[in-house]
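All remarks here apply to the structure that follows.
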Amino acid sequence: MKPALLEVMRMNRICRMVLATCLGSFILVIFYFQSMLHPVMRRNPFGVDICCRKGSRSPLQELYNPIQLELSNTAVLHQMRRDQVTDTCRANSVTSRKRRVLTPNDLKHLVVDEDHELIYCYVPKVACTNWKRLMMVLTGRGKYSDPMEIPANEAHVSANLKTLNQYSIPEINHRLKSYMKFLFVREPFERLVSAYRNKFTQKYNISFHKRYGTKIIKRQRKNATQEALRKGDDVKFEEFVAYLIDPHTQREEPFNEHWQTVYSLCHPCHIHYDLVGKYETLEEDSNYVLQLAGVGSYLKFPTYAKSTRTTDEMTTEFFQNISSEHQTQLYEVYKLDFLMFNYSVPSYLKLE
């Protein structure tokens with residue numbers, strides 16, 4: 001059974017179990033369905049004016065005002081994902097909206113494509129290298145045609161892509177209102193293990209070893225050797241977790257982007273995302289974005305099997321040596337990401 005279908009079934013089960021909670025979301029979906037019956041210009045449920053541009057239709061028009069009146073299963077699924085984010089933000093408003101206003105610096109992860117009116121918030125360890133490659137093709141105006149011909153390190157050069165924080169305040173507001181905004185998410189602990197494996201178990205990541213590894217070993221390892229304190233290249237996963245849940249760490253500086261929460265990177269309780277893609281349905285969701293952007297006939301998400309990919313089975317193994325107390329504290333750090341993007345509490349967790 002396809003992951004997307006399983007997700008819909010799971011959401012339906014949640015709705016049946018907690019009818020009162022989901023009733024608001026259901027009404028929103030019904031309103032969305034009814035509004036599709038009117039082909040005239042309208043204001044969609046999220047406050048974005050969808051009006052006709054000369055010559056072509058914007059991604060927002062394709063998403064909220066499709067030519068075909070009957071909604072696809074994909075459109076319904078993404079509506080449910082939007083509702084899940086909205087409901088979680090509302091239910092956790094004290095935690096999720098501690099800050100009333102965002103500053104331009106909060107928008108440095110939002111990549112802008114002027115030509116196709118897209119804004120992509122990249123989340124490290126959720127296929128962001130390939131999506132940055134795609135954004136370089138989309139914004140390159142013919143410079144690139146095959147995303148996989150772009151070297152991975154070139155995709156991460158900041159000068160190759162324009163981010164929303166580089167615009168003036170009026171320009172930022174215009175784009176947030178008029179462009180289709182999307183992001184991709186992943187099961188939080190699988191993403192965390194992927195970050196740990198990439199940054200702390202690979203010998204070539206010397207910069208991470210020096211900046212974070214040495215600090216983690218100094219704080220978390222008793223009787224550390226001088227070599228370990230100097231190199232920082234043998235951080236244990238248990239030490240990494242202890243570092244993340246240490247209140248001193250969170251007071252000292254924001255988490256590195258590779259293990260920062262998605263809600264802190266992309267601010268989904270302040271910015272309304274039109275599409276929430278998932279790592280579990282990566283190819284399907286990515287090609288849906290490209291279809292809405294009007295490039296789906298000639299540009300596809302790169303498909304290849306990555307043999308080193310972090311799996312659920314791997315994640316389970318990494319958590320076996322983490323105490324129930326530390327598991328509980330770590331879950332609290334990433335709890336909003338679990339709830340907001342509809343990920344269940346992992347079965348391997350021993351929460352207190």
Check your understanding: Which of these passes side-chain contact (heavy atoms from CB on, under 4.5 Å) with His78: Leu63, Leu292, Asp285?
Key ->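 Only match with His78 under side-chain contact (heavy atoms from CB on, under 4.5 Å): Asp285.
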Practice item. Going by the side-chain contact (heavy atoms from CB on, under 4.5 Å) test, name the single residue among Lys125, Arg191, Glu190 that passes it with Thr310. Key: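 By the side-chain contact (heavy atoms from CB on, under 4.5 Å) criterion, Thr310 pairs with just one of Lys125, Arg191, Glu190: Glu190.
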Could you list the residues that satisfy side chain to side chain donor-acceptor pair (under 3.5 Å) with [X], not counting sequence neighbours?
| X | value |
| --- | --- |
| His326 | none |
| Thr316 | none |
| Glu283 | none |

Residues 148-156 side chain polar contacts: donor-acceptor under 3.5 Å, at least two apart:
| residue | atom | partner | partner atom | Å |
| --- | --- | --- | --- | --- |
| Glu154 | OE2 | Tyr144 | OH | 3.2 |
| His156 | ND1 | Lys132 | NZ | 3.2 |
| His156 | NE2 | Thr129 | OG1 | 2.8 |

**Study point:** Plane angle bin for His258 and Phe208 - parallel if under 30°, tilted between 30 and 60°, otherwise perpendicular
**Key:**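 Aromatic pair Phe208/His258 classed perpendicular.
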Review point. Using 30° and 60° as the class limits, which term best fits the ring planes of Phe240 and Phe200: parallel, tilted or perpendicular?
Key: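 Plane angle between 30° and 60°, so tilted.
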**Study point:** Separation between CG of Asn287 and CZ of Phe301, rounded to the nearest 0.5 Å
**Key:**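 So the CG of Asn287 and the CZ of Phe301 are separated by 8.5 Å.
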Exercise for review: Start with the C-alpha distance between Val276 and Leu183, add both sets of side-chain angles, then the distance that settles side-chain contact (heavy atoms from CB on, under 4.5 Å), and finish with yes or no.
Suggested key: CA-CA 5 Å; Val276 177; Leu183 76 164; 3.8 Å; yes
Exercise for review: Sequence neighbours left out, what passes salt bridge (charged side-chain N to carboxylate O under 4.0 Å, His left out) with Arg230? Give chain and number order.
Suggested key: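 If we apply the salt bridge (charged side-chain N to carboxylate O under 4.0 Å, His left out) test to Arg230, skipping adjacent residues, there are no hits.
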Point to revise | Candidate pair Val157 and Asn160, rule side-chain contact (heavy atoms from CB on, under 4.5 Å), full reasoning | key: CA-CA 6 Å; Val157 174; Asn160 287 334; 3.4 Å; yes
Point to revise | Basic-acidic side-chain contact under 4.0 Å: Glu252, Arg219 | key: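 Salt bridge present between Glu252 and Arg219.
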Point to revise | salt bridge (charged side-chain N to carboxylate O under 4.0 Å, His left out) contacts touching residues 162-176 (sequence neighbours left out) | key: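 Non-adjacent pairs meeting salt bridge (charged side-chain N to carboxylate O under 4.0 Å, His left out): Glu114-Arg175.
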